[in-house]
Amino acid sequence: MRRLLLAFAMLAGSAALYGCATVKVEVDDAREGYAIYSNGVKVCDDSRNCNVPVARGDVMYLEAAKNGVVYGEVEIHRGDGGYRTQTMLHKGTAKDAAKAVGVPLGIAAGALLPLEYITTTTEYFPTEVMIPVMPPENDGNQYPWDKPDPSK
Amino acid sequence: MLLCTAMLCGCSKVYMPPVQVEGVHSDYGERLRVLTRQYVAIDDHVTLVDDAQQGDRTLQLQLVRDTAGVVVVFEMRKAKDNSLIWAYRHIAYDPNEFIPIVSRVSKEKIR
């Protein structure tokens, strides 16, 4: 029962962390605002003020669109923003204590206070992302789309 | 043969008419069509058919010249009433950018 409560508390804590977290999304074009899509769903009308709630999954595919045309995208992963490892100690059994701190100490500690360690790792998305939307620098020479394909 | 394959796997049948181009040489339309066919062929859920009558959906591709590059347009429509199911538009500044765009669309949208 105690284990169940502990697991529930850890799960609720993680859910709260994920629920509150956002990613600030910007584009590298300061002149205009772009609509921002996260995993195919529109999340902001204007990139100049856009904080996107983190996705539940491990990947966020962020796209910047203007007049319905996507000009740039970025894929971010859980863990790109770092991670935190947390070890929690709670009452367990003498066996658990022996496993955690070694047999002699564990038996001694376990006789008085059985211990158990639980380690969890939480991975985070980055808190800020820049989507590149500007055309590549080409010294004014755009690709000659009206000419035949030279690779043919 | 294609029809039999589609009936056996129960996947959706997609007809892809020639790519429409505006201000772009037709070579690039062909390049986009070949690439899209290759990526869609990987997907077990979709079968490309050569006859519009056999398809339950139609995927129309377009290349439209824009000031900075070309807009690659994908439009999926129902074959029976031509109503739009989804559309996706992405800028490309050179033809090598077709690959990531088509890869993404075939994986996330076409199936």
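Only heavy atoms go into these numbers, but all of them, side chains included; no hydrogens, no water, no symmetry mates. Letters A, B, ... mirror the listed sequences (proteins, then strands); counts begin at 1.
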So which part of Lys147(A) gets closer than 4.5 Å to some heavy atom of chain B, the side chain, the backbone, both or neither? backbone
Do Val41(A) and Leu62(A) share a hydrophobic cluster (ILVMFWY, side-chain heavy atoms under 4.5 Å, transitive)? no
Between Pro95(B) and chain A, which part of the residue has a heavy atom less than 4.5 Å away: side chain, backbone, both or neither? both
Could you state whether Trp86(B) and Val102(B) fall into the same hydrophobic cluster, counting links through intermediate Ile, Leu, Val, Met, Phe, Trp or Tyr residues with side-chain heavy atoms under 4.5 angstrom apart? yes
Give a yes or no on whether Val54(A) and Met130(A) share a hydrophobic cluster (residues Ile, Leu, Val, Met, Phe, Trp, Tyr; joining criterion: side-chain heavy atoms under 4.5 Å apart). no
Assess the side chains of Glu97(B) and Tyr143(A): does a donor N or O sit below 3.5 Å from an acceptor N or O? no
Heavy-atom pair count under 4.5 Å with chain B, highest-scoring of Val70(A), Val69(A), Asn67(A), Val133(A): Val70(A)
Lys24(A) atom NZ: more than 12 heavy-atom contacts under 6.0 Å: yes
State plainly whether one hydrophobic cluster holds both Val59(A) and Ile76(A), where clusters connect Ile, Leu, Val, Met, Phe, Trp and Tyr through side-chain heavy atoms under 4.5 angstrom apart. no
Side-chain heavy atoms of Glu73(A) within contact of His90(B), under 4.5 Å: yes
Indicate the atoms forming the closest heavy-atom contact of Trp145(A) with Val70(B), along with that distance. CD2-CG2, 3.3 Å
Got Glu108(B) and Tyr61(A) here, is their nearest side-chain heavy-atom distance under 4.5 Å? no
Show the nearest heavy-atom pair for residues Pro144(A) and Tyr28(B), with the distance to one decimal. O-OH, 4.1 Å
Any heavy-atom pair between the side chains of Arg31(B) and Ser151(A) that's under 4.5 Å? yes
Any sub-3.5 Å donor-acceptor pair from Gln142(A)'s side-chain atoms to Thr67(B)'s backbone N or O? yes
Please check if Tyr37(A) and Val105(B) belong to a single hydrophobic cluster, counting links between Ile, Leu, Val, Met, Phe, Trp and Tyr side chain heavy atoms closer than 4.5 Å. no
Is the count of non-hydrogen atoms from other residues, nucleotides or ligands lying under 6.0 Å from Asn49(A) atom CG greater than 12? no
Can you tell me how far apart CZ (Arg65(B)) and CG (Asp146(A)) are? Round to the nearest 0.5 Å. 6.5 Å
